[in-house]
Peer 1: 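Before anything else, here's the structure in question.
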Amino acid sequence: MTRRSCGALRAGDTGAAVELCGWVHRRRDHGGLIFVDLRDRDGLTQIVFNPQQDAFRNAERLRAEDVVRVQGTVRARPAGTENEKLATGSIELAVDSLEVLNRSLVPPFQINVDENVDEGLRLEYRYLDLRRPRMQRNLTIRHRIIKAMRDFFDSREFIEIETPLLIKGTPEGARDYLVPSRLYPGHFYALPQSPQILKQICMISGFGRYMQIARCLRDEDLRADRQPEFTQLDVEMSFSTQDEVLETMESCMRYVWKRVLERELPPFPHLRFAEVFERYGTDKPDLRFGLELVNVSDVFASTEFAVFKSAIEGGGTVVAVRYPGGAALSRRDFDTLTEHAKSVGAKGMVWISLGAEGIKSSAQRFVSEDDAREIAQRAGAERGDALLLFADARDAALAAAGKMRVEVARRSGLCRDDEFAFCWITEFPYLEIDAETGKPAPAHHPFTAPMEDEWDLVERDPLRMRAQHYDMVLNGYELGSGSIRIHKPERQRRIFEMLGMTQEEIEAQFGFFIRALEYGAPPHGGMALGIDRIAMLACGEENLHEVIAFPKTQTARDLMMDAPAPATEKQLRELHLRPQPRG
RNA sequence: GGCGCUGUAGCUCAGUUGGUUUAGAGCGCCGCCCUGUCACGGCGGAGGUCGUGGGUUCGAGCCCCAUCAGCGUCGCCA
């Protein structure tokens, strides 16, 4: 008598005496004959109870999600009763003995039906939600992805080093999660937003090639693709060029896709930041489809259309997006689309419809047929398509058009979840203007090295500096970013100074790190990729909830455990904390 | 913090312009019947403070205000 899984038995096992353990997925009680689909992580097996057996009486009382152990004999199903939908569908288990290991209450939602259940209910009863085939499959794929990553880096002689969770906050990033210190009143650990500094220190320590499947935490608002607690593939390499880091990470993804999804990935295209924003209105373009943005300001250079005229005279831009098949839309549809455009930041939207019975536009008086043809030609639009036009300051127009490009593609069915368009974005600006303060701030983190031949710009023209920084993008999602780091202490100091930090601030926040650089820090660089997002896309999902066992709600709560929860008076006393009323 | 969507039976949903007495359907649940089903089938049954609190009205599931929760999104996320 050997125990087998519920997905394992095949015709070749006929005659074998086996034991199965699992959950009652579904019971079909024919009165004189009872079928039960028994489920475990591996699949379903039909088990059969005959009234001649003692087990039959207990089988009549089985209900969904009861846990049982059964023993019996594998037999071929009678001819004509095989189930092609099941991997085990050619056999069944004739049960001799049944042991009910535990009963289940009637579940609040059905595990054996694939229907959309309220997200709050799923999360409150996550242990039941996780029993469903979709979540079992997704978490298994996630496991395989992580396993493949570890194997890949192991084969290249990286070693995994664990870095601590209780560390010191490094400001200028996202909001830190803080942990109060019991031993030092008023002092706090910060939970890592990433192991950035620690992995750089591992390079200084001579480990050469580091990787870690690292948990990271950021106390910012959530999105479908953003959780406060997430996992990243963290990598750092000494003596490596940017090209070597890119090759390593790209090879890793190619290996993962091959091993987990059995898919060959083509080489990832490289796009420069300046170019990608012009063409796609974003630094994380979805390259599963074309629909590149087209600058048509010159077409309207002498327009009397006030909206375009004022934008162009103010130094702005008119950007066009092609909408394949968009001529089929009604005016009402275009109105809805315009509202959507406004909600993603557009000032407004002008549409041109290239219908069979002629060209129509929401700005009919100001868009001549020749103009429409010219724009259509540049955007690659044909009869039956529509064109969407956005006028604003250059970056704003491009950004809005870029978001509408994705919306249009989505509506046109161009976003297939089984297509994977990776790319690299390179040559990012080193600084960007902070919208709030109006001051230059690092576009990424201050450990990033500028382009090697642009160090002289630090004093002369810092806004023109470009960074040795790179992003990996997949289907419009930023998977992660990396950079060649600064390894010379005096240069690191210069960057902090350029960012306006005083010597005291530098010492207090990063003194330990600059000191580390002073003891023979090797040149190094690396990258971090969001494993949750990778798993999400690999699974064809659109929300991180589907690939994280115990995710937080949009308001950062755990509905199953009901966290966060108030601390006891004693705990607060020990931590020297006194909660303030919300103000 | 802003905007939007959703909230009706255990689950998924329908519910017309504010007015069919008793708010419906499918699944699930409970009982009975059924020896080849696999979304088993047949018969019968139970199950609802319409998220919560106010308000408008002769009358509210439906309209208004507030609030809570879930989701999406903007801000934010070096």
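Values below: every heavy atom of this structure, side chains too, minus hydrogens, waters and symmetry copies. Each chain gets a letter, A, B and so on, in the order its sequence line appears, and its residues count up from 1.
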Peer 1: Over all strands shown, is A:Arg39 touching base, sugar-phosphate only, or nothing at heavy-atom distances under 4.0 angstrom?
Peer 2: nothing

Peer 1: Quick check on A:Lys168: does its NZ atom have over 12 non-hydrogen neighbours (other residues, nucleotides or ligands) under 6.0 Å away?
Peer 2: yes

Peer 1: Would you kindly give the CG-to-P distance between A:Asn543 and B:rC5, to the nearest whole Å?
Peer 2: 20 Å

Peer 1: Looking at every strand, decide which applies to A:Arg122 at a 4.0 Å heavy-atom threshold: base, sugar-phosphate, or nothing.
Peer 2: nothing

Peer 1: Which nucleotide sits closest to the side chain of A:Pro51: B:rG70, B:rC27, B:rU35?
Peer 2: B:rU35

Peer 1: Find the partner of B:rG7: check Watson-Crick (N1-N3 plus N6-O4 or O6-N4) and G-U wobble (N1-O2, O6-N3) distances, both under 3.5 Å, and reply none if neither fits.
Peer 2: B:rC68

Peer 1: A:Glu65 near the nucleic acid: base, sugar-phosphate alone, or nothing, with a heavy-atom cut-off under 4.0 Å?
Peer 2: nothing

Peer 1: Closest to the A:Lys85 side chain: B:rG31, B:rA39, B:rU35?
Peer 2: B:rA39

Peer 1: Mind checking A:Ala64 for me? I need base, sugar-phosphate or nothing, with any heavy atom below 4.0 Å counting as a touch.
Peer 2: nothing

Peer 1: Quick one: is B:rG75 close enough that its OP1 or OP2 comes under 4.0 Å of any side-chain N or O from A:Arg223?
Peer 2: no

Peer 1: Quick check on B:rG70: is either OP1 or OP2 less than 4.0 Å from any side-chain nitrogen or oxygen of A:Thr553?
Peer 2: yes

Peer 1: Taking the six-membered ring for Trp, are A:Tyr470 and A:Phe273 closer than 6.0 Å centroid to centroid?
Peer 2: no

Peer 1: Looking across every strand, which nucleic acid part, if any, lies under 4.0 Å from A:Leu121 by heavy atom: base, sugar-phosphate, or nothing?
Peer 2: sugar-phosphate

Peer 1: Looking only at N and O atoms, is any donor in the side chain of A:Glu119 or the base of B:rU6 less than 3.5 Å from an acceptor on the other one?
Peer 2: no

Peer 1: What is the distance from NZ of A:Lys552 to C1' of B:rG70, rounded to the nearest Å?
Peer 2: 16 Å

Peer 1: Side-chain N or O of A:Arg28 versus OP1/OP2 of B:rU37: is the shortest distance under 4.0 Å?
Peer 2: no

Peer 1: Decide yes or no, distance alone: a donor-acceptor N/O pair under 3.5 angstrom between the base of B:rG28 and the side-chain of A:Arg27.
Peer 2: no

Peer 1: Using atom C1' of each nucleotide, how far apart are B:rC50 and B:rA14 to the nearest Å?
Peer 2: 13 Å

Peer 1: Between A:Arg26 (CZ) and B:rC40 (P), how many Å, whole number?
Peer 2: 4 Å

Peer 1: Searching all strands shown, indicate the nucleotide that pairs with B:rC32 (Watson-Crick or G-U wobble; both distances under 3.5 Å).
Peer 2: B:rG42

Peer 1: Base, sugar-phosphate, or nothing for A:Glu124, non-hydrogen atoms under 4.0 angstrom?
Peer 2: nothing

Peer 1: Can a donor-acceptor pair under 3.5 Å be found between the side-chain atoms of A:Arg226 and the base atoms of B:rC76?
Peer 2: yes

Peer 1: Which part of the nucleic acid, if any, lies within reach of A:Asp118 when heavy atoms closer than 4.0 Å are counted: base, sugar-phosphate only, or nothing?
Peer 2: sugar-phosphate

Peer 1: For the C1' atoms, the ones on B:rG28 and on B:rG72, what distance do you get once it is rounded to whole angstrom?
Peer 2: 30 Å

Peer 1: Round to the nearest Å and state the distance from A:Glu220 atom CD to B:rC77 atom C1'.
Peer 2: 5 Å

Peer 1: Are the side chains of A:Tyr189 and A:Leu178 in touch, meaning some heavy atoms are under 4.5 Å apart?
Peer 2: no

Peer 1: Contact class for A:Arg77 (heavy atom, under 4.0 Å): base, sugar-phosphate, or nothing?
Peer 2: base

Peer 1: In this structure, are over 12 heavy atoms from other groups packed under 6.0 Å from A:Asp114 atom CG?
Peer 2: no

Peer 1: Return the value, rounded to whole Å, for the distance between atom CG of A:Asp176 and atom P of B:rC76.
Peer 2: 18 Å

Peer 1: I need the CD1-C1' distance between A:Ile91 and B:rC38, as an integer number of Å.
Peer 2: 13 Å

Peer 1: Roughly how far apart, to the nearest Å, are B:rG7 and B:rU52 at atom C1'?
Peer 2: 11 Å

Peer 1: Of the nucleotides B:rC76, B:rA69, B:rG36, which has the atom closest to the A:Pro78 side chain?
Peer 2: B:rG36

Peer 1: Base, sugar-phosphate, or nothing: which does A:Thr555 touch, judged by heavy atoms less than 4.0 Å apart?
Peer 2: sugar-phosphate

Peer 1: Would you say the base of B:rG28 and the side-chain of A:Glu115 have a donor-acceptor pair closer than 3.5 Å?
Peer 2: no

Peer 1: Check every strand shown and say whether A:Glu478 touches a base, only sugar-phosphate, or nothing at a heavy-atom separation below 4.0 Å.
Peer 2: nothing

Peer 1: State, without any angle test, whether A:Arg28 and A:Gln46 hold a side-chain donor-acceptor pair at a distance under 3.5 Å.
Peer 2: yes

Peer 1: Sticking with atom P, work out how far B:rC65 lies from B:rG4, rounded to a whole angstrom.
Peer 2: 11 Å

Peer 1: A:His545 near the nucleic acid: base, sugar-phosphate alone, or nothing, with a heavy-atom cut-off under 4.0 Å?
Peer 2: sugar-phosphate

Peer 1: Using atom P of each nucleotide, how far apart are B:rC62 and B:rG15 to the nearest Å?
Peer 2: 14 Å

Peer 1: Whole Å only: how far is the CD atom of A:Glu339 from the P atom of B:rC5?
Peer 2: 12 Å

Peer 1: Could you check which nucleotide pairs with B:rU20 in any of the strands shown, counting Watson-Crick or G-U wobble with both distances under 3.5 Å?
Peer 2: none

Peer 1: Please measure how far the P atom in B:rG36 lies from the corresponding atom in B:rG41, and state the result in whole Å.
Peer 2: 14 Å

Peer 1: Please work out if A:Asn116 contacts a base, only the sugar-phosphate, or nothing of the nucleic acid, heavy-atom cut-off 4.0 Å.
Peer 2: sugar-phosphate

Peer 1: Using whole Å, report how far CD of A:Glu60 lies from C1' of B:rU35.
Peer 2: 13 Å

Peer 1: I want to verify a distance call: between B:rC38, B:rG31, B:rC77, whose nearest atom is closest to the A:Arg218 side chain?
Peer 2: B:rC77

Peer 1: Determine the Euclidean distance between corresponding C1' atoms of B:rA25 and B:rU8; express it in Å to zero decimal places.
Peer 2: 13 Å

Peer 1: What nucleotide, of B:rG72, B:rC38, B:rG36, holds the atom closest to the side chain of A:Asp37?
Peer 2: B:rC38

Peer 1: Taking only the side-chain nitrogens and oxygens of A:Gln110, find out if one of them lies under 4.0 Å from OP1 or OP2 of B:rG10.
Peer 2: no

Peer 1: Does a side-chain N or O of A:Lys342 approach OP1 or OP2 of B:rC3 to a distance below 4.0 Å, or not?
Peer 2: no

Peer 1: Out of curiosity, A:Leu222 CG to A:Lys552 NZ, how far, rounded to the nearest 0.5 Å?
Peer 2: 9.0 Å

Peer 1: Between B:rA23 and B:rG61, how many Å separate the two P atoms, rounded to a whole number?
Peer 2: 11 Å

Peer 1: Near A:Glu84 CD, under 6.0 Å, is it more than 12 heavy atoms from other residues, nucleotides or ligands?
Peer 2: no

Peer 1: Select base, sugar-phosphate, or nothing to describe what A:Leu559 touches, counting heavy atoms under 4.0 Å on all strands.
Peer 2: sugar-phosphate

Peer 1: Nearest of B:rG10, B:rG70, B:rC29 to any side-chain atom of A:Pro108?
Peer 2: B:rG10

Peer 1: Flag yes if more than 12 heavy atoms outside A:Glu505 fall under 6.0 Å of its CD atom; otherwise flag no.
Peer 2: yes

Peer 1: Determine whether the aromatic ring centres of A:Phe49 and A:Phe56 lie less than 6.0 Å apart.
Peer 2: no

